Amino acid sequence: MEKQVNLDQQTSSASSEVRVDAETESVKKTFWQRQREPGSPLPIIAAALLAIAIGLAVSTQTEVPQAAFDILNIPGRLWLRALQATVLPLIMTAMILAIQNIKEISGGKGRNLAIWSVGWYVLTTFVAIAHSCLLTGLVWAPLMENNSDSTEPEEEPRTVSQAIVTIFDSFVPSNIIGAVANNELLSVLVTTVIFAILLPPTSSIMKVVRDIDTIITKVITFLIQLAPIGVFFLIMSNLFRLDIASIGYNLGILIGGTLTGMAIHLFIVFPLLYLIFARQNAYTHLLKCSPAWLTAWGSASSAATMPVTLRCIRARGVPETVVKFAIPLGTLINMDGTAIYFPMVVVFMAETQGITLDGGQYVIICLLSVLSSIATTPIPSSSLVLTLMIANAVNIPQSEMYAVVVAIDWFLDRFRTMVNVSGDLIAAPSIARMCKITQEDDLMVDEAHALHAPGADNTTRV
């Protein structure tokens with residue numbers, strides 16, 4: 001018992017010294033020193049604004065050759081690929097550690113964390129689908145014009161049951177190794193959760209998982225330092241492809257309607273939910289987490305943005321147990337921006353071919369949009385295939401308007417990703433408050449890990 005008391009005193013003393021050193025360091029740092037830290041917002045904002053200014057100035061004055069786009073896209077593409085390479089090991093280690101942390105939390109808080117996390121993401125997805133379908137059916141669809149000659153679909157449209165089966169198949173892999181190799185993140189997530197539940201806390205595998213998590217964190221920290229460069233080249237090169245004169249009336253409605261729905265969700269729905277559940281100001285919170293949603297807009301990938309999201313949420317004081325569970329889970333299944341986009345783009349493809357959808361078809365679109373938004377992988381433009389699947393499920397033939405959707409998708413995908421990531425930023429603090437998980441629970445988990453660590457002397461406990 002005496003050994004345990006001494007150990008607790010040493011741990012408490014060490015923690016106090018770390019906090020004092022951290023506070024002293026933060027006080028000593030100047031403004032410019034803080035901006036040089038990985039993930040600081042000012043360099044990313046400056047890079048994004050400069051890229052937008054150069055991209056719009058060039059694209060509106062002259063036609064940029066394809067070779068220029070390809071070459072200028074290389075730095076941003078390499079940065080994005082490097083970030084994406086860390087996503088799979090990051091998700092696997094984060095989920096394993098999160099599940100183990102949940103096991104260590106007492107008083108049923110771990111179970112509440114899992115229930116609240118899944119429930120929150122499903123709730124926000126349904127809300128997104130609901131107001132998107134209402135606005136699309138009542139406001140935007142009547143404004144669209146039939147200006148496209150419909151063509152016969154190359155393949156027989158899928159039935160609703162086939163679409164649902166395809167979506168659910170994405171949850172369970174037929175080959176685990178193949179799912180990892182093909183970057184099937186949703187299948188990997190389900191497999192990892194089951195593996196983590198069955199994994200004993202005392203297993204030697206846990207030490208390997210923690211070591212990998214540490215290495216990945218160091219790699220991600222380096223890549224985040226390069227974020228301003230990556231965001232600059234990604235945005236500027238893609239803006240070179242923007243031909244403002246070619247944006248037609250219908251396409252303008254598609255873009256305007258999609259952005260309006262996302263703005264409602266981002267500036268009205270999220271703040272209301274955050275006020276109700278977290279009892280805080282969502283606008284202030286999102287502003288302080290600006291590196292995350294700016295990176296999301298620049299990279300168009302929730303997965304690539306996840307390291308930045310984790311850093312921002314940790315800086316806001318959210319308990320590590322919640323961070324490591326809610327953020328990776330939200331990165332994969334929280335696709336509110338995508339959910340808003342699906343009804344809009346499917347109705348766009350119908351109305352521009354002179355097809356008016358009935359109430360039953362809208363219900364099918366809503367249900368498939370919920371499932372499809374969850375099944376969408378968090379990588380750029382991954383929703384294009386699912387868009388076509390939903391359209392086929394309600395018998396909308398593929399026409400040249402789908403090529404128009406593909407051509408503009410890179411632009412809207414950035415806003416979808418920004419809304420998706422913002423949803424994760426709103427979710428984590430809200431879930432932490434509703435589950436009543438605090439930093440003290442993290443300390444309890446750390447103590448439990450110390451006991452389970454190889455070579456730990458458990459005989460000192462009474």
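Since this is a predicted model, take the numbers as computed values, not measurements. One is the number of the first residue; the rest follow in order along the sequence.
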Which pair of heavy atoms, one from [X] and one from [Y], lies closest together, and at what distance?
| X | Y | result |
| --- | --- | --- |
| Leu266 | Pro271 | O-CD, 3.3 Å |
| Trp79 | Thr295 | CH2-CG2, 3.8 Å |
| Thr258 | Met344 | OG1-CG, 3.4 Å |
| Tyr283 | Phe267 | OH-O, 2.6 Å |
| Ala141 | Tyr362 | CB-OH, 4.1 Å |
| Ala339 | Pro343 | O-CD, 3.0 Å |

Under the 3.5 angstrom rule, does the side chain of [X] hit a backbone N or O of [Y] as a donor-acceptor pair?
| X | Y | result |
| --- | --- | --- |
| Trp120 | Ile431 | no |
| Arg414 | Gly298 | yes |
| Arg433 | Phe277 | yes |
| His285 | Leu425 | yes |
| Asp213 | Thr93 | no |
| Ser290 | Leu287 | yes |

Approximate separation, where rounding is to 0.5 Å, of [X] [atom1] and [Y] [atom2]:
| X | Y | atom1 | atom2 | answer |
| --- | --- | --- | --- | --- |
| Leu254 | Leu259 | CG | CG | 9.0 Å |
| Asn420 | Arg416 | CG | CZ | 8.5 Å |
| Arg210 | Ile215 | CZ | CD1 | 14.5 Å |
| Leu412 | Ile340 | CG | CD1 | 12.0 Å |
| Ile365 | Cys133 | CD1 | SG | 7.0 Å |
| Leu134 | Ile129 | CG | CD1 | 11.0 Å |

Check whether any side-chain heavy atom of [X] lies under 4.5 Å from a side-chain heavy atom of [Y], and answer yes or no.
| X | Y | result |
| --- | --- | --- |
| Leu49 | Phe232 | no |
| Asp424 | Tyr121 | yes |
| Met206 | Ile96 | yes |
| Cys435 | Val322 | no |
| Thr309 | Thr331 | no |
| Leu286 | Ser422 | yes |
| Arg314 | Lys324 | yes |
| Val188 | Met92 | yes |

Ile176, CD1: over 12 other non-hydrogen atoms inside 6.0 angstrom: no

For atom CZ of Arg77, is the number of surrounding heavy atoms from other residues, nucleotides or ligands below 6.0 Å larger than 12? no

Step-by-step side chain to side chain contact (heavy atoms under 4.5 Å, CB included) determination, Thr125 to Met335: CA-CA 7 Å; Thr125 300; Met335 300 289 176; over 6 Å; no

Should the ring pair Phe415 and Trp297 be called parallel, tilted or perpendicular, given that the plane angle runs from 0 to 90° and is split at 30 and 60? perpendicular

Below 6.0 angstrom between ring centroids: does that apply to Trp140 and Phe348? no

Apply side chain to side chain donor-acceptor pair (under 3.5 Å) to the pair Asp336 and Thr124, showing each step before the final yes or no. CA-CA 7 Å; Asp336 292 353; Thr124 57; 3.2 Å; yes

Working note: Ser299 + Thr305, criterion side chain to side chain donor-acceptor pair (under 3.5 Å); need CA distance, chi angles, decisive distance, verdict. CA-CA 7 Å; Ser299 66; Thr305 308; 3.2 Å; yes

